[in-house]
Visitor: 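Sending over a structure as structure tokens; questions will come in a sec.
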Amino acid sequence: MKLRHFRFGRTIKHLRRYHHIARVLMKHGLGELAGGLRHRVSLRIRTGVTLKQPMRNGLSRPQRLRLALEELGPTFVKFGQLLSTRPDLLRPDYIEELEKLQDQVPPEDFDRVRTDMESQLGGPLEDFFPQLDAQPIAAGSIAQVYRATTRDGRIAAVKVRRPGIVHVIRTECEILEGFAGLVNSTMEDTHGIDPVRVIREFTQAVTREVDFQNELANLRQFRRNFRDDATVHIPRPYEDYCRDGIITMEFMHGVKPTVAASLAEAGLDPQVVARTVSGFILKQIFDFGFFHTDPHPGNLFVEANNVVAVVDFGQAARLTRSDRALLGEVILAVVDVSASRLVRAFGHGGMLDDTPSLPALTRELDVMLETYHDLPMGEIPFSHIMHQTFAIIREHRVHPPPEFTMMLKSLMVSESMARSLHSEFTLIEHLRPYAARLRCRQLDPRRVVRRGYGTLRDVAGLMESLPDDVSTIVEKLKTGQVRIHLEHEHLDSLVRMLDISSNRVSFGMVIAGLLVASSLLVQRPEEFIMGLASLQTFGMIGYLLAAILGLWLVVSIIRSRKV
């Protein structure tokens, strides 16, 4: 049942926080979520704000969601930022609004940071960093970054995890998990989205981000991947100054790649920078299968000679071989304007389990792709195609892997960034050599032979094990050990409804029995039980008990809104 994700003990532990979440959601007009939360944990919200009186102030629903997440604090802001990378889950208006979320967190008190750093470094701060600015150059919900000078004279960026943030993140993720379980169990239609699965993916992502050893490993991997690329600068980590909650690396200088005029004023070429940024993303995906999932302009600098410098490696993802094969099929399907090939690619990726109608999905993709059939490849707007594709994916409940979605979102961000620097830039044109390489790889005779050999080997193995498998099945049939498992899509809700109905019928029978027994007892007032009380007294007590149970039953029926 859906309710299995609801953990009562954990919910009681975080009851005050649930109370606050419900208040904020109701305040911003997101009452259907708050209503389910309040119903399950029996909260009594005394704020003066009701489900019928949300504080909307003429704001759209995406705007109200953003404001609610900002009010709920850093972890919920992180959750909103993650959702902004998932166009397979949310409409563009939600994505656009959630992209505005920033970690607007005041800096941690430096004395507390200093104490934590000295504890990790194992000595006075001055022994490691003779100079360290007390004011951070960047402050987020998870970490702060300081400019410092190491004891050997190197200028460094020191990223320090906020003291106590690991416990805060763990607690808030438990709350989000419980809240997702409540939403999943109270809302009949979540539009094909599994809230528990989404929160689990978020928990995994933010746990990786708060793990600085993971970020340090990502940084090393990026340096290895781009060690021979003169157009990309990955900072060098200073290993002697790194700890579990501290990452010290080369300090990066440069211009933000946001405005072409600013780059030109610094003597840089915006068009070259646009190509370098897109090439950086494409190489990660197609050549290495390991990519930066948050390549927004705030994490990039442009140095002399149009070199792109990259920072913040807490959010990175690795593509499996199947993910990369899926991407190749998607790109070739777009290039070939083949909706059926695109649907087959979705099917091979295991993305169509909940899709109600494959012909309808194919038809909509075909109409969308035909729009761009006569355009030269260099004029096909990749981001626009992806926006339309994601709209169709959401409508038909196609569930791509999260890494695959974030990969496509990274490509869309890179195209948007590049077009802001060079208006005629199109990502499809730069995808052409990768598409050609994919096509050649598919037609490579050695690859065909290997695939054919693998298929023959699988068939041979199947034929070899087939007699034993058939014998095992027959033996189990004879001994009655075969079990058939059936699962109905809406069986959980039906069982829950029958359970509630049977409980109410039982209560009704108990109440009726009490009324009958009490009526018999009040007719014999002269008889006493052990000389203490008359039967009439017990009859009146039975009436009172029946009245209380009957009132409770009526109230429960009214509260369920199913009279």
Visitor: Can we call the ring centroids of F425 and H430 under 6.0 Å apart?
Guide: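 Here the rings of H430 and F425 have centres that are less than 6.0 Å from each other.
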Visitor: For E172, give me all partners under salt bridge (Lys or Arg N to Asp or Glu O under 4.0 Å), at least two apart in sequence or on another chain.
Guide: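 Once residues adjacent in sequence are excluded, the partners of E172 under the salt bridge (Lys or Arg N to Asp or Glu O under 4.0 Å) criterion are R17.
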Visitor: Does R112 have any side-chain hydrogen bond (donor to acceptor under 3.5 Å, both in side chains) partners at least two apart in sequence or in another chain, and if so, which?
Guide: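 Residues passing side-chain hydrogen bond (donor to acceptor under 3.5 Å, both in side chains) with R112: E108.
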Visitor: For N218, enumerate each residue passing the side-chain hydrogen bond (donor to acceptor under 3.5 Å, both in side chains) test, keeping only those at least two apart in sequence or located in another chain.
Guide: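 Not a single residue meets the side-chain hydrogen bond (donor to acceptor under 3.5 Å, both in side chains) criterion with N218.
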Visitor: Which pair of non-hydrogen atoms, one from L59 and one from R64, has the smallest distance, and what is that distance?
Guide: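 It is O-NE, 3.4 Å.
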Visitor: Taking N299's backbone N and O only, do any of them form a donor-acceptor pair with D312's side chain (distance below 3.5 Å, no angle check)?
Guide: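 No, because the side chain of D312 does not come within donor-acceptor range (under 3.5 Å) of the backbone of N299.
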Visitor: Under 3.5 Å, side chain of H28 to main-chain N/O of L69, donor-acceptor pair present?
Guide: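 Judged by distance alone, no pair lies under 3.5 Å.
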Visitor: Under the side-chain hydrogen bond (donor to acceptor under 3.5 Å, both in side chains) rule, collect the residues that match up with H396, sequence neighbours excluded.
Guide: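 If we apply the side-chain hydrogen bond (donor to acceptor under 3.5 Å, both in side chains) test to H396, skipping adjacent residues, the hits are E364.
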Visitor: Which heavy atom in F76 sits nearest to a heavy atom in I21, and how many Å separate them?
Guide: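 Looks like CZ-CD1, 3.7 Å.
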Visitor: Quick one: salt bridge (Lys or Arg N to Asp or Glu O under 4.0 Å) partners of E415, sequence neighbours excluded?
Guide: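 Expected list: none.
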Visitor: Do you know the tightest heavy-atom contact between F390 and M412?
Guide: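 Heavy atoms of F390 and M412 come nearest at CE1-SD, 3.9 Å.
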Visitor: In plain terms, say whether E99 and K409 are close enough for a salt bridge, that is, a side-chain N and a carboxylate O under 4.0 Å apart.
Guide: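 Between K409 and E99 there is a salt bridge, with a charged N closer than 4.0 Å to a carboxylate O.
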Visitor: For R419, what residues pass the salt bridge (Lys or Arg N to Asp or Glu O under 4.0 Å) criterion, not counting sequence neighbours?
Guide: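 Checked R419 against salt bridge (Lys or Arg N to Asp or Glu O under 4.0 Å); zero matches.
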